[in-house]
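In what follows, chains are A, B, ... by sequence order, proteins preceding strands, each numbered from 1.
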Protein chains: 2
Amino acid sequence: MYSIQQISQMTGITAYTLRYYEKIGILPSPARHDGKPNGIRRYSDQDLSYIRFIHGLKQTGMKLEDIASFTEDGCLLKQDGEGIEDLPGTLQKRMAILDHHIEWLNQQMEQLERVKGIAEDKRSFYASLLQDHAEV
Amino acid sequence: MYSIQQISQMTGITAYTLRYYEKIGILPSPARHDGKPNGIRRYSDQDLSYIRFIHGLKQTGMKLEDIASFTEDGCLLKQDGEGIEDLPGTLQKRMAILDHHIEWLNQQMEQLERVKGIAEDKRSFYASLLQDHAEV
DNA sequence: ATAGAAGTTCGAGTTGACTCGAAGTCAAGC
DNA sequence: GCTTGACTTCGAGTCAACTCGAACTTCTAT
């Protein structure tokens, strides 16, 4: 179990931002200490890996609103393994959302390839000009 | 030569945004009508292709500030072919910036691959659960 | 028991990237 | 000649995504 600061250091997301993500429903509320330091967030390894996944989507340019669709409906993906006594309908719903995200990732990759192609064309154009110059 | 509205339609960027990009130095000022409708922007094909390139970088998640480094220093890349009597130093500078951008594009692609891998793992995990369920 | 560090909530402020409206110019068509 | 419509500049407004400070609690070490 990790504190918010530890999660912050491990993921590179500030504690401010982690609480903000929780507030707007992008991250599920983690377990809290029920003992002495009441109310303090305690993150599990599952929480950590979920946060990393979300962060990955974020860093590849997905909007928070779109990411939110993942966490919605009672934080479906909070735990990946347990509690799968729920109907296959829920599972299919999760998969549909994932498919949507994968589709988006593919489009991003295509876009990236296109732009990279243009950049490389420009680069080789400059390189050839430089070559010509050197030959004079 | 195109009007700002035509450029807007061809690129999907609003006229407001085009002027904004020009204002903050991301796009070079295009030629203007010097005849009657004084001051009206007239974009060339070169302008168009440059705008498309910039727009591509934008859509792949690059910040305007980082894109700006490309246009800086007197709108170096405004015209790709002409006026190359300038020193090879300038050329090398352009290439260095391009290299930087290509490097960034590569990193984005790696990131995208990573996240896609995680998403696909999740997906196949769900798929297998669904399979198990069906077999009961 | 008291100071300090780290956590809590809440609401306000900042930044980046647009987005728009107002006021004005200009050329063309009725 | 007068309206219409696309352009111009400029400054202000909006929205997403943080980012922070204030006021408070609560454990830990002196």
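- Shown here for Ala127(B) and Met95(A), the closest heavy-atom pair between the two residues is N-SD, 3.8 Å.
- Using a 4.0 Å cut-off, some side-chain N or O of Ser3(A) falls inside it from OP1 or OP2 of dG7(C).
- Listed pair Lys23(B) / dT8(D) fails the phosphate criterion, with no side-chain N or O lying under 4.0 Å from OP1 or OP2.
- Between the NZ atom of Lys63(A) and the C1' atom of dG16(C) there is a distance of 15 Å, given to the nearest Å.
- Inspection of the Gln107(A) and Gln111(A) side chains reveals no N or O donor paired with an N or O acceptor under 3.5 Å.
- Side-chain atoms of Tyr20(B) lie closest to dA17(C) of the nucleotides dC18(D), dA17(C), dA6(D).
- Here the NE2-CG distance, from His133(A) to Leu91(B), works out to 8.5 Å after rounding to the nearest 0.5 Å.
- Look at CE on Met1(B): it is 21 Å from P on dA6(D), rounded to the nearest Å.
- Protein atom NE2 of His55(B) is 12 Å distant from nucleotide atom C1' of dC18(C), rounded to whole Å.
- The stretch residues 9-18 of chain B touches DNA chain C through Tyr16(B), Thr17(B), each having a heavy atom within less than 4.0 Å of the strand.
- Whole-Å rounding puts the Ile40(A) CD1 to dT25(D) C1' distance at 9 Å.
- Note: the hydrophobic cluster containing Ile24(A) also contains Ile51(A) (ILVMFWY, side chain heavy atoms under 4.5 Å, direct or indirect links).
- Rounded to whole Å, the distance from CD on Glu22(A) to P on dT9(C) is 7 Å.
- A close approach under 4.0 Å does not occur between any side-chain nitrogen or oxygen of Arg32(B) and OP1 or OP2 of dC26(C).
- Closest approach to the Arg19(A) side chain among dC18(D), dT8(C), dC7(D) is made by dT8(C) (side chain taken as heavy atoms from C-beta onward).
- Using a 4.0 Å heavy-atom cutoff across all strands shown, Arg41(B) reaches sugar-phosphate atoms only and no base atom.
- Distance, Ile24(B) CD1 to dC18(C) C1': 9 Å, rounded to whole Å.
- Residue-level contact check: Ile4(B) touches the backbone only, with heavy atoms under 4.0 Å from sugar-phosphate atoms and none from bases.
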_Walk me through whether Arg114(A) and Glu120(A) qualify under salt bridge (charged side-chain N to carboxylate O under 4.0 Å, His left out)._
CA-CA 10 Å; Arg114(A) 257 196 306 278; Glu120(A) 278 168 347; over 6 Å; no
*Please test Arg123(A) against Glu103(B) for salt bridge (charged side-chain N to carboxylate O under 4.0 Å, His left out), starting from the C-alpha separation and ending with a verdict.*
CA-CA 12 Å; Arg123(A) 195 196 184 283; Glu103(B) 166 73 7; over 6 Å; no
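- Side-chain atoms of Tyr2(A) and Asp45(A) include a donor-acceptor pair closer than 3.5 Å.
- Distance, Gln5(A) CD to dG4(C) C1': 16 Å, rounded to whole Å.
- One can place CG of Leu64(B) at 12 Å from C1' of dT15(C), the figure rounded to the nearest angstrom.
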